[in-house]
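I have placed the structure first, in the form of structure tokens, so that the comments after it can refer back to it.
Order of the sequence lines sets the chain letters (A, B, ...), proteins ahead of strands, with each chain counted from 1. None of these values were measured; they are calculated from a predicted model.
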Amino acid sequence: MPRVKVRFAPSPTGPLHIGGARSALFNWLYARHTGGSFLVRMEDTDRERSSRESEENILAALRWLGLDWDEGIGAGGPNGPYRQTERLDIYRGYAQQMLDAGLAYHCYCTEEELTAEREALLAKGEMPRYLGRCRNLSPQERARCEAAGRRPVLRFKVPAGQTVVVHDQVRGAVSFDCDGIGDFIIMKSDGIPTYNFAVVVDDHLMGITHVIRAEEHLPNTPRQILLYRALGWPEPEFAHVSLILGADRTKMSKRHGATSIEQYQELGYLPEALVNFLALLGWSPGGEDEVFSPEQLKELFTLDRVAKSPAVFDLEKLNWLNGHYIRQCPLERITDLAIPFLQKAGYITGEITPERYARLKSLVAAVRDYLSNLAEITQHVDIFFAQETPPVDDEARAVLTGEQVPAVLAALREKMVALNELDEETARMILKKLPRELGLGGKKVYMPLRVALTGRTHGPELYQVLPLLGPEKVAGRLARAAGRCS
RNA sequence: GGCCCCAUGGUCAAGCGGUCUAAGACACCGCCCUUUCACGGCGGUAACCCGGGUUCGAAUCCCGGUGGGGUCACCA
């Protein structure tokens with residue numbers, strides 16, 4: 001069996017989409033699992049919509065996800081160039097070859113003629129397709145079209161009466177009737193190949209053994225197989241993975257919220273969480289575990305465990321997974337990742353000294369349990385940076401009305417004034433002793449302190465809050481709260 | 001509309017003819033832990049689209065229906 005070689009071939013017309021990322025991931029996993037290689041090329045034959053910016057974007061997203069490739073754009077290799085617009089001569093050569101061999105022909109039909117034909121077929125309830133009007137144009141007719149300045153496209157002669165069977169690795173045998181296909185365009189009038197043609201030429205020349213892509217490409221596959229046969233090339237294996245759907249069960253698109261990898265990155269999702277989540281959309285290892293590192297996924301991934309039915313993108317589950325990774329990953333790393341979010345919110349300005357970094361680590365440690373993404377961190381740390389922390393709601397206000405409250409606040413304040421520094425250990429001790437010293441139940445002590453210090457009835461452990469604020473700020477907030485309840 | 005794909009709880013899914021009175025995860029609900037919330041632990045509610053076959057036996061195989069989706073470009 002030849003060494004596996006797969007590819008991801010996006011068109012650079014926008015950022016990397018969730019669905020595209022999943023296709024890339026499956027290809028990558030398959031290559032890594034089998035010890036094969038992974039190639040990335042750009043299908044940029046749509047010159048209107050393609051851009052270098054999108055290309056850079058897509059590649060950056062792939063790198064961010066940790067999907068490294070062995071050959072292609074940025075990695076080089078013996079089969080380049082890896083951008084289709086830089087391979088035009090190659091396609092033209094094969095197009096000429098097909099024309100000479102009588103496998104393809106020029107077509108001069110205008111857009112109006114084609115639209116009319118399509119609509120007529122649609123009206124009759126038939127599969128809309130090109131009926132082959134230009135197949136046997138006489139030299140005179142050709143000359144007349146040329147004289148009229150019409151630029152022809154090149155169409156492939158689809159053999160009549162055949163059935164093409166796609167042997168799909170995930171779907172089994174799928175057959176298509178050639179008579180429903182119609183001669184399709186392989187070269188546009190501007191000399192640029194169409195997708196169906198370029199993809200076949202490239203996959204063959206680049207030695208691709210397995211084409212793993214989204215199910216939306218399945219209807220195109222018989223056309224491509226016909227091209228392989230016409231050119232006398234062996235077909236690769238095909239594997240069509242089902243689509244990722246939005247909550248409304250239609251193909252994911254912009255109106256379904258965040259759909260690009262970039263957006264999730266900006267919201268503070270971790271690449272390993274996204275990879276883990278995406279791997280589980282349409283694939284399952286079969287066991288009872290749900291959390292897998294990229295290494296484990298590489299180990300476990302096989303095509304026979306890819307599901308056939310489409311999968312709805314469930315943000316709740318992504319959130320859970322991402323929160324899980326945020327909680328279990330090393331504190332330093334999550335701190336490093338959180339810093340940009342804190343800077344953007346204006347909570348950190350200036351240089352991050354070792355002392356400040358240590359404090360940031362405590363800060364992150366105090367709130368990481370609450371997060372399902374890093375962007376959410378800002379709404380949990382405001383209590384540490386605010387100037388004033390008045391009670392935020394009636395429940396909080398009520399806590400401060402207790403008659404024991406002034407004494408509680410005063411007691412802790414007294415201890416704070418005596419201190420220059422405050423670490424977690426000390427805070428724990430002071431807090432632990434407080435109820436007994438005051439002769440009060442814990443709740444009557446801790447709740448007022450919590451509200452006085454944060455303005456809220458919920459939040460991180462008090463022994464974490466105290467050191468983060470420092471004795472001075474704690475004392476200040478206690479004083480202000482005391483002022484408010486008098 | 002033609003062609004094609006798909007069909008297990010709200011969602012992701014295991015199941016590949018008997019061990020299914022159907023696993024696991026997310027979400028939801030309850031309890032515990034925590035003198036807060038969250039995290040964590042334990043437990044619970046909740047599913048084989050319908051109808052015919054095949055078979056001793058069908059969530060699993062076949063056919064039909066229904067439903068959902070994809071695709072029908074000089075886009076990929």
Side-chain angles (χ1 to χ4, degrees), chain A residues 9-13 43-46 48-50 84 107 109 111 114-115 118 121-130 151-155 166 168 170-171 174-177 179-182 184-196 198-199 213-222 240 242-243 245 247 249-251 277 280-291 304-305 307-321 323-324 327 367-371 380 395 399 431 435 440-447 450-451 454 456-462:
Chain A
S11 59
T13 53
E43 308 216 325
D44 58 348
T45 52
D46 182 345
E48 292 290 296
R49 297 191 299 150
S50 295
Q84 289 186 329
C107 166
C109 289
E111 207 179 313
L114 295 172
T115 313
R118 185 163 49 242
L121 284 167
L122 232 28
K124 282 199 300 187
E126 288 183 44
M127 185 140 160
R129 64 205 188 285
Y130 182 67
R151 308 258 63 221
V153 297
L154 227 213
R155 281 186 189 272
V166 180
D168 194 274
V170 348
R171 270 149 230 288
V174 183
S175 31
F176 295 85
D177 192 344
D179 297 337
I181 293 178
F184 55 91
I185 296 171
I186 57 176
M187 291 293 272
K188 307 180 207 175
S189 56
D190 58 2
I192 306 281
T194 58
Y195 161 72
N196 278 126
V199 78
R213 70 215 327 182
E215 188 192 338
E216 56 190 312
H217 289 288
L218 190 51
N220 273 319
T221 310
H240 288 93
S242 61
L243 263 18
L245 274 27
R249 298 207 143 268
T250 65
K251 193 164 87 167
F277 176 70
L280 260 18
L281 274 188
W283 173 82
S284 157
E288 296 191 350
D289 297 328
E290 303 280 331
V291 180
D304 61 306
R305 297 205 59 88
K308 290 194 273 203
S309 46
V312 172
F313 183 92
D314 183 13
L315 186 60
E316 297 278 12
K317 186 157 181 176
L318 205 214
N319 282 338
W320 168 76
L321 252 182
H324 173 84
R327 267 165 249 132
V367 300
R368 55 148 48 155
D369 277 3
Y370 298 93
L371 310 178
H380 290 100
E395 194 190 352
V399 167
L431 287 165
L440 289 167
K443 192 166 185 176
K444 292 204 163 205
V445 175
Y446 298 128
M447 273 317 255
R450 175 175 295 288
V451 173
T454 69
R456 304 173 186 204
T457 50
H458 308 307
E461 301 286 356
L462 281 178

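Distance Leu371(A) CG to C37(B) P: 18 Å, rounded to the nearest Å. Rounded to an integer number of Å, the gap from Arg213(A) CZ to A76(B) C1' is 10 Å. For Ile181(A) and C4(B), the CD1 to C1' distance is 11 Å, given to the nearest whole Å. In this structure, His458(A) atom NE2 and A38(B) atom P are separated by 8 Å, rounded to whole Å. Note: CG (Leu321(A)) to C1' (A13(B)) measures 14 Å, nearest angstrom. For the pair Asp369(A) CG and C39(B) C1', the computed distance is 4 Å after rounding to whole Å. Rounded to whole Å, the distance from NZ on Lys308(A) to P on C4(B) is 16 Å. Here the P atom of nucleotide U36(B) and the CD atom of Glu461(A) are 8 Å apart, to the nearest Å.
Using a 4.5 Å heavy-atom cutoff, the side chains of Leu121(A) and Met127(A) are not in contact. Using a 4.5 Å heavy-atom cutoff, the side chains of Thr221(A) and His240(A) are in contact. No side-chain heavy atom of Thr45(A) sits less than 4.5 Å from a side-chain heavy atom of Thr194(A). Taking the side chain as every heavy atom from C-beta outward, Ile181(A) and Arg129(A) never approach each other to under 4.5 Å. Using a 4.5 Å heavy-atom cutoff, the side chains of Val291(A) and Leu321(A) are in contact.
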Summary of protein contacts for nucleotides 23-32 of chain B, nucleotide by nucleotide, where a base hit scores B, a sugar-phosphate-only hit scores S (4.0 Å, heavy atoms) = BBBBS-----
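Heavy atoms only, all atoms of each residue included: Val170(A) and Ala307(A) are closest at CG2-O, 4.4 Å. Here the shortest heavy-atom pairing between Tyr130(A) and Cys109(A) reads OH-SG, 3.3 Å. Across every non-hydrogen atom of Ala311(A) and Gly282(A), the tightest pair is CB-N, 4.4 Å. Between Ala247(A) and Val312(A), the shortest heavy-atom contact is CA-CG1, 4.0 Å. Glu290(A) approaches Leu280(A) most closely through the heavy-atom pair O-CD2, 3.3 Å.
Rounded to the nearest Å, the gap between the P atom of C31(B) and that of C39(B) is 16 Å. Remark: the separation of the C1' atoms in A46(B) and G53(B) is 31 Å, to the nearest Å. Here the separation of U60(B) from C16(B), taken at their P atoms, is 13 Å to the nearest Å. Here the separation of G69(B) from C61(B), taken at their P atoms, is 24 Å to the nearest Å. As rounded to the nearest Å, A59(B) and U19(B) have P atoms that lie 9 Å from one another. Straight-line distance between the C1' atoms of G9(B) and U45(B): roughly 10 Å, to the nearest whole Å. Nucleotides A47(B) and A25(B), compared at atom C1', are 15 Å apart to the nearest Å. Comparing A58(B) with A22(B), their C1' atoms are spaced 13 Å from each other, to the whole Å.
Judged by distance alone with a 3.5 Å cut-off, a donor-acceptor contact links the side chain of Tyr370(A) to the base of C37(B).
Residue Gly459(A) is the one, among Gly459(A) and Arg151(A), whose nearest nucleotide of RNA chain B lies closer to the 5' end (criterion: closest heavy atom). Comparing Pro152(A) and Asp304(A) by the nucleotide of RNA chain B whose heavy atom lies nearest to each, the residue mapping closer to the 5' end is Asp304(A).
Residue-level contact check: Ser175(A) touches the backbone only, with heavy atoms under 4.0 Å from sugar-phosphate atoms and none from bases. As judged by a 4.0 angstrom heavy-atom cut-off over every strand, Arg305(A) is placed among residues touching the sugar-phosphate backbone only. Within the 4.0 angstrom heavy-atom criterion, no nucleotide atom of any strand lies near Phe277(A). Backbone-only contact: Gly125(A) has heavy atoms under 4.0 Å from sugar-phosphate atoms and none from a base. Val153(A) comes within contact range of at least one nucleobase, with a heavy-atom separation under 4.0 Å. Ser189(A) comes within contact range of at least one nucleobase, with a heavy-atom separation under 4.0 Å. At the heavy-atom level, Arg171(A) lies under 4.0 Å from the strands shown only through sugar-phosphate atoms.
With a cut-off of 3.5 Å on both Watson-Crick or G-U wobble distances, the partner of G30(B) is given as C42(B). Pairing for C75(B) is absent, with no Watson-Crick or G-U wobble pair whose two atom distances lie under 3.5 Å. The partner of C3(B) is G70(B), judged by Watson-Crick or G-U wobble contacts that both fall below 3.5 Å. Searching all strands for a Watson-Crick or G-U wobble partner of G18(B) with both distances below 3.5 Å returns C56(B). When both distances must be under 3.5 Å, the Watson-Crick or G-U wobble mate of U11(B) is A25(B). As the counterpart of G51(B), C63(B) is assigned, both hydrogen-bonding distances of the Watson-Crick or G-U wobble pattern falling under 3.5 Å.
OP1 or OP2 of U36(B) has not a single side-chain nitrogen or oxygen of Lys444(A) nearer than 4.0 Å. Put simply, Thr45(A) has a side-chain N or O that comes within less than 4.0 Å of OP1 or OP2 on A76(B). For A38(B), the OP1/OP2 oxygens have no side-chain nitrogen or oxygen of Arg368(A) closer than 4.0 Å.
Note: Phe277(A) and Phe313(A) have perpendicular aromatic rings, judged against thresholds of 30 and 60 degrees for the angle between ring planes.
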Determine, step by step, whether His217(A) and Tyr195(A) satisfy the side-chain contact (heavy atoms from CB on, under 4.5 Å) criterion, reporting the C-alpha distance in whole Å, the side-chain angles of both residues, the deciding distance to 0.1 Å, and the verdict.
-> CA-CA 11 Å; His217(A) 289 288; Tyr195(A) 161 72; 3.1 Å; yes
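For Tyr446(A), the listed nucleotide lying nearest its side chain is U35(B); candidates were U36(B), G15(B), U35(B). The Leu218(A) side chain lies nearest to C5(B) when the options are C12(B), C5(B), C74(B). Picking from C12(B), A76(B), A73(B) the nucleotide with the shortest atom distance to the side chain of Thr194(A) gives A76(B).
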Atom pairs, N/O to N/O, protein against nucleotides 69-72 of chain B, distance under 3.5 Å?
{"unit_1": "G70(B)", "atom_1": "OP1", "unit_2": "Lys251(A)", "atom_2": "N", "d": "3.2"}
{"unit_1": "U71(B)", "atom_1": "OP1", "unit_2": "Lys251(A)", "atom_2": "NZ", "d": "2.6"}
{"unit_1": "C72(B)", "atom_1": "O2'", "unit_2": "Pro128(A)", "atom_2": "O", "d": "3.1"}

